[in-house]
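What follows is a short report on a single structure.
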Amino acid sequence: MSILSALRPHFGHIALTLWGGLAIFLLNNSPYGLDEGGAKALLLTWSIADQVASTVVTLGAPDLRALLLLPVGFLWTGSLIAAKVFSVILVAITISLSHAWAEKRFDPETALIGSGLLAISPLLLFQIDALLPGIYLLLAIILGVWLDHEYRQSPRPFGGLFFFQLFACSLSVSLHPAGLAYPLALFLSWKSQPVDIPQQKQFLIGISATVFLTLLLKMGWSDLAWLSNPLLSLSGIFLDAPINNESTLPRLVSGGIACAALLLVILMQARTLWSDLIGRTLIFALILGLPAADFTWALLCFFLMLYYGLPLLLQSTKLGLLARPLVLLLTIIGSTIFMQSDRAHLESRQNDTLSHQDQLIKLFATEVGTARKAADEGDRNSEPPAIRAASQWPSRTMIACRCDTLPLPPTAQNPEAQLAMIRGISYIVFDPKDKANIDLAHNFAYLGPTAFETTALEIGGVVLHRR
């Protein structure tokens, strides 16, 4: 009993440690299934760590995930699983901070059940495995709210907590349009409830300048899928993420159920949501992130549903004694569905199930590996072939093939100019059915087999080898 009593204050940390070990076991070790923005940030950290000039600098400005991943990039350069393990640690910190906030804001039951369901949700696991921005955005929001609380307890003008809050604003804005919600909510909080007038001006100017500079440097969110189906994204709360964004009936139904539950929670908890900084941030995030209602947006919706929906049931006077049995039943059902989806994610990894885009990238990486192996087995005095590709997904392609990769060239006015534009490029990897690539595909088709050889033709796209 004495040992249990001594360990009791640390039960939460022990549980998070066990969860982290299980989450790492479920992660994908292959270089496929990554988010393009996450791959870009990771490549930049590796390039800085090795002090190697790389084509990654041509891929555009990455978001501030690169700063978060910088330590693991220096310590384990080139290791993809190390970045995912580090992301698991960041998620564990997010869950711990969320639990502490919910315990103070609502009650211990809401904090415990909400944090537990968040930890085992397939949506969170998918975010970690793909290095999607949702986990980092949620960390920025939770950490930013905690920093604001600590600053108000002991305000020091231009102190460390002030600049950490500005960094949280910049991080959230760089990740997703929904990230604009945190600096907006913080701005309104300091406008209506300042500590004093001088510090109010300090925060309002600092937040405005930080958001403006971040948007100026980032130049938008080019790696996002705009106008995504919100129901398909919300279905990721219950089901494993669709590999090729299939809009099947079960996914639309589960997404509709999640959407109805979300709207119900927002309507019934409108005053509670508006009364605290996290609630206002989540409301703004749902509105601002709707044009890009992807799985990052869905994760914020799920967070709102959990931590603001559970108190509706636990504190319901109409349900009376049935409240806690109902919450227990819903928790068991939700946990069962989540674990089934997590198992499906593991089986998908074990069966090497890839999306159409990743299948194309894998075929290209295999071809590059074959060419290098043939060069190694040939004349040892000759130099290995210089392989440089232009890809629609340059960061993901570069990680998979470990070769210099550039973005697709802009469309030229005529095929001859297009051919001159890709001087030095060995391979072209892209989807000719994509609306943005139709004119480019016409130019390549006009040049014909005298200029290009089609080495792979898949549902996800085509690989062209320049003769």
Side-chain angles (χ1 to χ4, degrees), residues 27-91 127-140 143 166-177 179 210 213-225 294 296 357-358 361 364-365 368 387-409 425 429:
L27 296 179
N28 187 2
N29 296 330
S30 71
Y32 305 105
L34 295 175
D35 171 59
E36 180 67 20
K40 183 191 298 184
L42 197 56
L43 283 171
L44 181 62
T45 63
W46 291 347
S47 180
I48 295 173
D50 277 351
Q51 299 181 358
V52 173
S54 172
T55 54
V56 67
V57 298
T58 65
L59 304 183
D63 51 52
L64 293 185
R65 270 177 290 188
L67 288 180
L68 294 179
L69 296 173
L70 201 57
V72 73
F74 270 94
L75 294 174
W76 295 280
T77 306
S79 175
L80 186 60
I81 191 62
K84 293 185 178 183
V85 171
F86 185 67
S87 297
V88 169
I89 296 173
L90 293 180
V91 170
Q127 294 263 335
I128 298 172
D129 210 5
L131 297 180
L132 281 166
I135 50 176
Y136 309 102
L137 176 56
L138 192 57
L139 173 64
L143 189 61
L166 295 186
F167 172 74
C169 291
S170 182
L171 172 62
S172 63
V173 169
S174 72
L175 292 170
H176 197 274
T210 299
L213 290 175
T214 303
L215 291 175
L216 186 64
L217 293 173
K218 189 69 175 65
M219 297 297 292
W221 303 273
S222 58
D223 300 321
L224 297 181
D294 52 11
T296 295
Q357 294 177 2
D358 284 317
I361 294 173
F364 171 63
V368 170
I387 298 175
R388 177 171 290 179
S391 173
Q392 185 175 346
W393 316 279
S395 302
R396 293 158 58 190
T397 305
M398 189 185 300
I399 289 180
C401 72
R402 297 182 178 271
C403 60
D404 286 341
T405 309
L406 297 168
L408 288 176
I425 299 296
V429 184

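Every heavy atom of this structure was used, including side-chain atoms; hydrogens, water molecules and symmetry mates were not.
With contacts defined as side-chain heavy-atom distances shorter than 4.5 Å, the pair L406/P394 does not qualify. No side-chain heavy atom of L80 sits less than 4.5 Å from a side-chain heavy atom of N29. Between L175 and L64 the shortest side-chain heavy-atom distance does not fall below 4.5 Å. Proximity of I81 to F86: side-chain heavy atoms (C-beta onward) are nowhere separated by under 4.5 Å. Side-chain contact between F74 and I48: present, with at least one pair of heavy atoms (C-beta onward) separated by less than 4.5 Å. Looking only at side-chain heavy atoms (C-beta outward), Q392 and Q357 stay at 4.5 Å or farther from each other.
The closest side-chain donor-acceptor pair between D63 and H176, if any, does not fall under 3.5 angstrom. Side-chain contact check for S174 and T214: no donor-acceptor pair (N or O, by modelled atom type) lies under 3.5 Å. Counted by atom type alone, S172 and Y136 present zero donor-acceptor pairs between their side chains at under 3.5 Å.
Checked against disulfide bond (SG atoms under 2.5 Å apart), C401 has the following partners two or more places apart in sequence or in another chain: C403. Residues that satisfy the side-chain hydrogen bond (donor to acceptor under 3.5 Å, both in side chains) test with T45, not counting sequence neighbours, are absent from this structure.
Under the 3.5 Å distance criterion, the side-chain polar atoms of T397 are matched with a main-chain donor or acceptor of W393. Here the side chain of K84 pairs a donor or acceptor atom with the backbone of D129 at under 3.5 angstrom.
How far CG of L42 is from CG of L70: 10.5 Å, rounded to the nearest 0.5 Å. Here OG1 of T296 is found 10.5 Å from CG of L138. Values are rounded to the nearest 0.5 Å. The distance from the CG atom of L131 to the CZ atom of R65 is 7.5 Å, given to the nearest 0.5 Å. Note: K40 NZ to E36 CD = 6.5 Å, rounded to the nearest 0.5 Å. A distance of 5.5 Å separates CE of M398 from CG of L43, quoted to the nearest 0.5 Å. We find the CD1-CG distance between I128 and L27 to be 6.5 Å, quoted to the nearest 0.5 Å.
Here the closest heavy-atom approach between residue V173 and residue W221 is recorded as O-NE1, 2.8 Å. Contact record, V72 with A82: CG2-O, 3.5 Å, taken as the closest heavy-atom pair. Taking all atoms of both residues into account, the shortest heavy-atom contact from D358 to G33 is OD2-N, 3.1 Å. Taking all atoms of both residues into account, the shortest heavy-atom contact from W76 to W46 is O-NE1, 4.1 Å. Taking both residues in full, the closest heavy atoms of L166 and T210 are given as O-CG2, 3.4 Å, listed atom of the first, atom of the second, then distance. Here the closest non-hydrogen pair linking I399 and A39 is CD1-CB, 3.7 Å.
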- Message: As a quick check of understanding, evaluate side-chain contact (heavy atoms from CB on, under 4.5 Å) for V429 and T405, giving each step before the final call.
- Response: CA-CA 10 Å; V429 184; T405 309; over 6 Å; no
- Task: Kindly determine whether L90 and I135 satisfy side-chain contact (heavy atoms from CB on, under 4.5 Å), including the steps that lead there.
- Result: CA-CA 8 Å; L90 293 180; I135 50 176; over 6 Å; no
